Amino acid sequence: AVTLPLAAHQSRLLAKLENLQPEIKKLAERLRYEVSVRGKQVGWSEKVARFHFKKNLRRIITELYVRDNCHPFKATLLVWVQIPMWVCMSLALRNCSVGATDSQVREQFSAGGALWFTDLTAPDSTWILPVSLGLVNLLIVEV
């Protein structure tokens, strides 16, 4: 529920970034020509011309990112949400299953399952949950 919309947003941003690449390439070639012409007029060295080319190319690329609202850092939003969720879920599950010293909590987990898994402290011998989780994650990635 949380990561699917973020994954769709990330895919849309990555598609925008990929669609910008031909335009960036064309603008870089044009800028390279303009810098070389300007460098010959003013008498810039190779190092100075390269500096001006890189500086102006960064400016042009930033303008394109702002124009299309697709900065590459926005594409990492999914990772920044998934990591804390994974850590919190892992710690919560570990504390619930392994760290439970209270016999009442362990008793509730051993009798609190549903369907084919009636004991939540035992591993899933049918592998239904791990396989379904893997398939759902594959579906999210492919969508």
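Position 1 is the first residue of the sequence; numbering continues from there. Everything quoted here is computed from the prediction, not taken from an experiment.
Note that NZ of Lys47 and CZ of Phe51 are 10.5 Å apart. Values are rounded to the nearest 0.5 Å. With rounding to the nearest 0.5 Å, the separation of CG in Asn137 from OG in Ser132 is 9.5 Å. The line from CD of Gln82 to CG of Leu6 is 8.0 Å long, rounded to the nearest 0.5 Å. Here NZ of Lys25 is found 6.5 Å from CD of Glu29. Values are rounded to the nearest 0.5 Å. The SG atom of Cys88 lies 12.0 Å from the CD1 atom of Ile83; values are rounded to the nearest 0.5 Å. To the nearest 0.5 Å, atoms OG (Ser36) and NE2 (His52) are separated by 13.5 Å.
Using a 4.5 Å cut-off between side-chain heavy atoms of Ile, Leu, Val, Met, Phe, Trp and Tyr, Val136 falls into a hydrophobic cluster with Leu4, Ile140. The hydrophobic cluster containing Ile24 also includes Leu14, Leu17, Leu20, Leu27, Leu31, Val35, Val42, Trp44, Val48, Phe53, Leu57, Ile60, Ile61, Leu64, Tyr65, under a criterion of side-chain heavy atoms closer than 4.5 Å among ILVMFWY residues, counted directly or through chains of members.
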Stepwise, does the side chain to side chain contact (heavy atoms under 4.5 Å, CB included) test hold for Lys26 with Glu23?
-> CA-CA 5 Å; Lys26 189 186 307 180; Glu23 187 175 355; 5.7 Å; no
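For Glu63 and Arg59, the salt-bridge test passes: some basic side-chain N is under 4.0 Å from an acidic carboxylate O. Look at Arg30 and Glu34 and you find a salt bridge, because one of the NZ, NE, NH1 or NH2 atoms lies within 4.0 Å of a carboxylate O, short of that distance.
Leu135 and Ile128 end up in different hydrophobic clusters when Ile, Leu, Val, Met, Phe, Trp and Tyr side chains are linked at under 4.5 Å.
Nearest heavy atoms, Gln10 versus Ala75: NE2-O, 2.8 Å.
Within 6.0 Å of the CD atom in Glu18, the count of heavy atoms belonging to other residues, nucleotides or ligands does not exceed 12.
A donor-acceptor pair shorter than 3.5 Å cannot be found between the side chains of Asn69 and Lys16.
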